[in-house]
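Throughout, residue positions are numbered sequentially from 1 according to the sequence presented.
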Amino acid sequence: MSEHAKYEKKSTITKGLTDSLHIRIPYNPAYIQRIRQIMGRQWESKLKVWIIPYTIAAVQEFINQFDPDDVQITPEL
């Protein structure tokens, strides 16, 4: 099994702190380039997640960058 086969095919959004969202994306250089377009995004290496602000602007930019069919949103959101 390759290293990339361990990753899920869909991106996952979960609730972070009160003002942030955690995003797990499959490793793909194009996805990394897309998420870097979101203002205020950060990479959290210990958790292996991208953190974006929980704002309308950041969520809208995420929606613009990723196909909604490829995103799984957890129930708490």
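- For the pair Pro26 and Ser11, the tightest heavy-atom approach, listed with the atom from each and the gap, is CD-OG, 3.7 Å.
- In this structure, OG1 in Thr55 is found 10.5 Å from CE in Met39, a value given to the nearest 0.5 Å.
- Considering NZ of Lys10 and CG of Asp67, their distance stands at 9.0 Å, rounded to 0.5 Å.
- Contact detail for Ser20 and Ile51: the closest heavy-atom pair is CB-CG2, 3.7 Å.
- Using a 4.5 Å heavy-atom threshold, the side chains of Val71 and Ile13 count as touching.
- In this structure, Lys15 and Thr74 have side chains that are not in contact, with every pair of non-hydrogen atoms separated by 4.5 Å or more.
- Between the CD atom of Gln60 and the CD atom of Gln65 there is a distance of 11.0 Å, given to the nearest 0.5 Å.
- Residues Tyr54 and Val59 come closest through the heavy atom pair CD1-CG2, 4.5 Å.
- Side-chain contact check for Ile23 versus Ile35: some heavy-atom pair is nearer than 4.5 Å.
- Across Ala30 and Asn28, no two heavy atoms sit closer than the pair N-OD1, 2.8 Å.
- Atoms CH2 and CD, from Trp50 and Glu44 in turn, are 11.5 Å apart once rounded to the nearest 0.5 Å.
- Ser45 has its side chain within reach of Trp43: a pair of non-hydrogen atoms, C-beta onward, lies under 4.5 Å apart.
- Both Tyr31 and Ile73 belong to a common hydrophobic cluster when Ile, Leu, Val, Met, Phe, Trp and Tyr are linked at side-chain heavy-atom distances under 4.5 angstrom.
- Contact check for Phe62 versus Arg41: no side-chain heavy atoms found under the 4.5 Å cut-off.
- In this structure, the side chains of Pro29 and Ile32 stay at 4.5 Å or more apart for every pair of heavy atoms.
- For the atom pair CD1 of Ile25 and OG1 of Thr12, the computed distance is 10.5 Å after rounding to the nearest 0.5 Å.
- Going from atom CD1 of Ile38 over to atom CG of Leu21 covers 9.5 Å, rounded to the nearest 0.5 Å.
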